[in-house]
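Structure record follows, encoded as structure tokens.
All values below come from the heavy atoms of this structure, side chains included, with hydrogens, waters and symmetry mates left out. Numbers for residues simply follow the sequence, beginning at 1.
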Amino acid sequence: MKFDTNIPIYIQIINEIKKDIVLGKISTGDKLPSTRDLAMMYGVNPNTVQRVYKEMELEGLSYTKRGKGTYINESKEMVQMIKTQMAENVINKFIIGMKELGFSYDEMIKVINNKKIKEGETNANTKN
């Protein structure tokens, strides 16, 4: 994983884990890798991973079984909440970027609709 120097590494790792939960790569109730294993996977210090797991617990995303490891919360509602939060972040970044380019909301909607139409055409062409 290539890290963004403007965002703390532990937050980027949490966001990557959240993304994996939303995509179903990690399921509710799954055991997460040990601190050392996750540190090696991301090429970071084990202390960074400890912070990741601590923050995830504080957010209610995971829990620790003493001596057994860290597990993803088993709540299906949590997955939907993460998905909604991530979608809002993407939309907010899009809106900010488009406003910086001088687009109004109506113009943004037109751009999205044009993209949708073009993708529909592309999908229709790939089926033939």
Side-chain angles (χ1 to χ4, degrees):
M1 179 174 172
K2 186 171 179 156
F3 293 109
D4 181 339
T5 56
N6 297 319
I7 303 170
I9 291 173
Y10 78 94
I11 291 175
Q12 293 178 68
I13 294 172
I14 291 171
N15 288 338
E16 191 68 21
I17 292 171
K18 286 179 179 180
K19 186 176 176 183
D20 287 345
I21 292 169
V22 168
L23 294 174
K25 293 179 183 177
I26 300 174
S27 298
T28 57
D30 279 0
K31 183 177 189 277
L32 292 169
S34 70
T35 300
R36 278 199 182 117
D37 287 346
L38 197 66
M40 286 176 31
M41 283 171 53
Y42 284 103
V44 298
N45 187 302
N47 292 332
T48 301
V49 175
Q50 285 179 331
R51 177 115 188 241
V52 166
Y53 286 170
K54 179 182 174 187
E55 294 294 326
M56 286 179 60
E57 268 196 65
L58 290 173
E59 287 185 39
L61 301 174
S62 65
Y63 61 93
T64 302
K65 290 183 183 177
R66 191 174 182 102
K68 294 191 178 195
T70 302
Y71 296 80
I72 295 297
N73 186 322
E74 290 150 4
S75 166
K76 299 288 183 198
E77 293 81 20
M78 177 206 60
V79 175
Q80 188 57 47
M81 181 189 72
I82 293 169
K83 190 173 187 175
T84 300
Q85 287 173 346
M86 293 179 86
E88 287 175 3
N89 288 339
V90 169
I91 291 167
N92 288 338
K93 287 179 185 176
F94 170 78
I95 290 171
I96 289 167
M98 293 298 279
K99 281 184 174 182
E100 287 174 355
L101 294 173
F103 283 83
S104 69
Y105 281 102
D106 287 338
E107 290 171 322
M108 289 180 216
I109 291 168
K110 285 179 187 174
V111 169
I112 292 168
N113 283 331
N114 286 339
K115 178 71 173 166
K116 182 179 171 185
I117 291 166
K118 286 179 184 176
E119 283 188 7
E121 290 171 4
T122 302
N123 290 337
N125 290 338
T126 57
K127 290 180 184 177
N128 292 332

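Both M56 and F3 are assigned to one and the same hydrophobic cluster, defined by single-linkage of ILVMFWY side chains at heavy-atom distances under 4.5 Å. Residues V49 and I7 share a hydrophobic cluster, clusters being chains of Ile/Leu/Val/Met/Phe/Trp/Tyr side chains in contact below 4.5 Å. Linking Ile, Leu, Val, Met, Phe, Trp and Tyr whenever their side-chain heavy atoms come within less than 4.5 Å leaves V79 and V90 in two separate clusters. Taken together through direct or relayed side-chain contacts under 4.5 Å among Ile, Leu, Val, Met, Phe, Trp and Tyr, I112 and Y105 form part of one hydrophobic cluster. Cluster membership check: M78 does not share its hydrophobic cluster with L58, using side-chain heavy-atom separations under 4.5 Å among Ile, Leu, Val, Met, Phe, Trp and Tyr.
Across all non-hydrogen atoms, the minimal contact from G69 to K31 is CA-CE, 4.1 Å. P33 and M41 get closest at one heavy-atom pair: CG-SD, 4.1 Å. In this structure, E107 and G102 approach most closely via the heavy-atom pair OE1-O, 3.6 Å.
To the nearest 0.5 angstrom, S62 atom OG is 12.5 Å from K54 atom NZ. Separation of atoms NZ (K2) and CG (D4) is listed at 10.0 Å; rounding is to 0.5 Å. In this structure, the separation between CD on Q80 and OG1 on T84 is 4.5 Å, given to the nearest 0.5 Å. A distance of 8.5 Å separates OG1 of T5 from CD of Q12, quoted to the nearest 0.5 Å. Atom CD1 of I9 is separated from atom CZ of R51 by 11.5 Å, given to the nearest 0.5 angstrom. The structure places CG of L101 at 9.0 Å from CE of M108, a figure rounded to the nearest 0.5 Å.
Open room surrounds CE on M40; 12 or fewer heavy atoms of other groups in view lie less than 6.0 Å from it.
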For residues 13-29, run the donor-acceptor check on the side chains, cut-off 3.5 Å, and write out each pair with its distance to 0.1 Å, sequence neighbours left out.
unit_1 : atom_1 : unit_2 : atom_2 : d
N15    : ND2    : I11    : O      : 3.4
K18    : NZ     : E59    : OE1    : 3.0
T28    : OG1    : K76    : NZ     : 3.4

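Contact of the L38 side chain with the Y53 side chain is registered, since non-hydrogen atoms from C-beta on lie closer than 4.5 Å.
Checked by atom type and distance alone, the side chain of Q50 never pairs as donor or acceptor with a backbone atom of T35 at under 3.5 Å.
Under the ring pair (Phe, Tyr, Trp, His ring centres under 6.0 Å) criterion, the residue pairs touching residues 55-95 are Y63-Y71, with sequence neighbours excluded.
Of the options I82, N73, T70, a side-chain contact (heavy atoms from CB on, under 4.5 Å) to L61 is made by I82 and by none of the others.
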